[in-house]
Structure formats: structure tokens, C-alpha cells
Amino acid sequence: MKYALITGGSRGIGRAICLKLAEMGYYILINFRANIAEAEITLRLIEEAGGSGELNQFDVSKPDEVEAALENWKKQHENEYIEVLVNNAGIRKDTLLMWMEKKQWFDVLDTNLNAFYYVTKTLLNDMLIKKHGRIINIVSLSGIKGLPGQINYSAAKGGVIAATKALAQEIGKKKVTVNAVAPGFIKTDMTQDLDEKEFKRLIPLARFGNPEEVAEVVGFLASEKSSYITGEVISVNGGLYT
């Protein structure tokens, strides 16, 4: 059995990634924080497509919850390990810096940046021992270009990009790859408040992307076909920024 953990796997890009990796034969651990109804829909879609998985509830921004949930999973699977980790969970709390409250800053960094450390560190040692693993971080156009009104989000995603490049150099000899995927404007709950008609005029391909288009790149990075790629950031943004 091959195991993959997708944080924030209940909806949007996370759900599409869960379905893609299940299609590739992985047993999917669907992480979610609170919305069990959406997580159950993801699991049902996986099973209807002939795959298998389970729900794994914890808040990625809380280190005690992360450690307890993942260590408990390890105890129940002593001879197995999670070989693919997709750090996808994320939140936005957009506002201009002059109006940004401390909570808006720290909530976004805790979920988008610190969670990378909490989850990855807990699973990394097993990948190193087995000398095989795939760590795929879902970042953002904001982390590459920076976007006004998203100082907190840009800082968090930019931090994950830098961590991706550094960790790839630390562990490459152990045959564990670390890459990032940077979506632009993708049709999900996180972008439903944006004026698609207005923003798509900025995009060379003249449309928002679909979660499945991001998931295809993640699937490639999780596969053996990407075994000589590490430390990279692949943009999926319709040509908006290169």
C-alpha cells in the first residue's frame, strides 16, 4: 500500500489532488480542520472512482494536534510510511498592511508557513530511512510576485518557496524530492470573492484555471517520472506571470 497525505484535502485544489493521487494508486489520507461534510464528499468521490482512503482530522496550524494525529497513524501502521506529502492547506485574510491586525498576520503565517514545518518534520524521517519520498508544497503566485493586499499571504508562501529550495538540497541524497506548485487564479472557494471577468483580462489564456489542472502537475511530481526534479517551483497561472 502506498500512502499519500494531502493537507486541506476536503475541497478545491486539495480535493482534486486527492482524486488524482487516488487514480495513481495511492491510499489517500484526507486531512481537514473542521468541515467533515466536505471531507466525506472527497472520500466518497475517491471510492466511487475505485480508490481508497480515510479522513484524518487535525489543524495544521497547531503543532500538538499535528504530532498527535500523525504519531497515532504511525503506531497503527508500524511497517508502513507516508511516502507522498502534499502541503496544501491554506487560508487568506487579505487587507492592506496599514489596516492588518496581528491576528490576521499570525493566523495566515501559522496555517500557510508554520504548518509546513509541523507536518513535514513529523513525516520526513521515515522518508529518509526508506530513501524515497515526495514532498510537494502548494504555494502561490503571491509568493513569487507578491500581491498588494496580501502581505501576510505573500510572506507565508514566499517562505515556503525558500524552504522548498533549501530542503531539496538537504535531503536530495536520500532520494526524497521537494518541489512546489504555484497556482495563479484557480476556481475555488478561496477565489470566489474575486471578479473573474475583471481579472481574466490580465491572464494571457483569458480564464481562471481549474483545480484539476493543478492536480495534474502534482500527480507528475509525485510520480517516478519526476525523479530528477527537485527544488523547483512550477507555476500554473495561464501565463499571468513568468
Side-chain angles (χ1 to χ4, degrees), residues 4-9 12-14 16-18 20-21 24 60 83-92 94 108-109 111-121 123-124 127 133-148 150-188 190-191 199 202-205 208-242:
L5 169 65
I6 296 86
T7 67
I13 291 173
I17 293 170
C18 287
K20 178 61 184 178
L21 295 184
M24 294 168 60
V60 296
E83 70 175 67
V84 174
L85 166 61
V86 183
N87 287 304
N88 168 72
I91 61 170
R92 282 174 43 213
D94 297 352
V108 169
L109 261 70
T111 300
N112 295 283
L113 177 58
N114 293 339
F116 161 81
Y117 168 77
Y118 302 146
V119 180
T120 305
K121 188 173 188 300
L123 300 180
L124 180 60
M127 294 183 187
R134 297 283 189 269
I135 299 169
I136 303 161
N137 302 314
I138 306 303
V139 290
S140 172
L141 170 68
S142 298
I144 300 172
K145 179 181 182 292
L147 292 177
Q150 290 192 336
I151 301 296
N152 48 3
Y153 193 69
S154 296
K157 293 299 188 180
V160 175
I161 288 171
T164 297
K165 293 175 178 293
L167 183 59
Q169 294 175 66
E170 286 187 3
I171 63 178
K173 290 181 179 179
K174 295 293 186 178
K175 297 182 174 56
V176 179
T177 64
V178 192
N179 291 289
V181 179
F185 294 112
I186 307 296
K187 291 182 180 180
T188 68
M190 286 186 73
T191 59
F199 279 95
L202 305 173
I203 305 170
L205 292 185
F208 277 20
N210 296 312
E212 292 75 18
E213 293 172 305
V214 179
E216 285 294 330
V217 179
V218 174
F220 168 69
L221 291 174
S223 74
E224 287 303 312
K225 296 176 182 179
S226 69
S227 59
Y228 200 53
I229 299 173
T230 195
E232 290 298 322
V233 182
I234 300 177
S235 291
V236 184
N237 62 28
L240 178 61
Y241 185 81
T242 59

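Quick note: residue numbers are just sequence positions, from 1. The model shown is predicted, which means the values in this text are computed figures rather than measured ones.
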Report the residues that fulfil side chain to side chain contact (heavy atoms under 4.5 Å, CB included) with Lys145, sequence neighbours left out, ordered by chain and then residue number.
Leu141, Leu147, Tyr241
State which residues pass side-chain hydrogen bond (donor to acceptor under 3.5 Å, both in side chains) with Asn237; sequence neighbours excluded, sorted by chain then number.
none
Using side chain to side chain contact (heavy atoms under 4.5 Å, CB included) as the criterion, list what pairs up with Glu170, not counting sequence neighbours.
Leu167
Is the shortest heavy-atom distance from the side chain of Ile138 to the side chain of Val86 under 4.5 Å?
yes
Is the backbone N or O of Glu224 less than 3.5 Å from a side-chain atom of Ser227, with the two atoms forming a donor-acceptor pair by type?
yes
With sequence neighbours left out, the residues meeting side-chain hydrogen bond (donor to acceptor under 3.5 Å, both in side chains) with Ser235 are none
Apply side chain to side chain contact (heavy atoms under 4.5 Å, CB included) to Glu213 and list each qualifying residue two or more places apart in sequence or on a separate chain.
Arg207, Asn210
Any donor-acceptor pair under 3.5 Å from Arg134 side chain to Leu221 backbone
yes
In residues 175-182, what donor-acceptor pairs under 3.5 Å come from side-chain atoms, sequence neighbours left out?
unit_1: Asn179; atom_1: OD1; unit_2: Gly231; atom_2: N; d: 3.2
unit_1: Asn179; atom_1: OD1; unit_2: Glu232; atom_2: N; d: 2.9
unit_1: Asn179; atom_1: ND2; unit_2: Ile229; atom_2: O; d: 3.0

Rounded to the nearest 0.5 Å, the CG atom of Asn152 sits from the NZ atom of Lys157 at a distance of 11.5 Å
Close side-chain approach of Arg92 to Gln150, heavy-atom, < 4.5 Å
yes
Could you tell me which residues satisfy side chain to side chain contact (heavy atoms under 4.5 Å, CB included) with Ala215, sequence neighbours excluded, listed by chain and number?
Ala16, Ile17, Lys20
Results of ring pair (Phe, Tyr, Trp, His ring centres under 6.0 Å) for Tyr117 - residues two or more places apart only
none
Return the CG to OG1 distance between Leu85 and Thr7, rounded to the nearest 0.5 Å.
7.0 Å
From Ile136 atom CD1 to Ser226 atom OG, the distance as rounded to the nearest 0.5 Å
7.0 Å
In this structure, which one of Ser142, Ser140, Pro148 forms a side-chain contact (heavy atoms from CB on, under 4.5 Å) with Ser154?
Ser142
If the condition is side-chain hydrogen bond (donor to acceptor under 3.5 Å, both in side chains), which residues does Asn88 pass it with, not counting sequence neighbours?
none
Using the test ring pair (Phe, Tyr, Trp, His ring centres under 6.0 Å), find all partners of Phe185 that sit at least two apart in sequence or belong to another chain.
Phe199, Phe208
Taking only residues two or more places apart in sequence or in another chain, which ones pass side-chain hydrogen bond (donor to acceptor under 3.5 Å, both in side chains) with Asn137?
Asn87, Thr164
If you round to the nearest 0.5 Å, how far is OG1 of Thr188 from CD1 of Ile186?
8.0 Å
For the atom pair CG (Leu5) and OG1 (Thr120), what is the distance rounded to the nearest 0.5 Å?
9.5 Å
Gln169 side, atom CD; Thr230 side, atom OG1 - distance, nearest 0.5 Å
9.0 Å
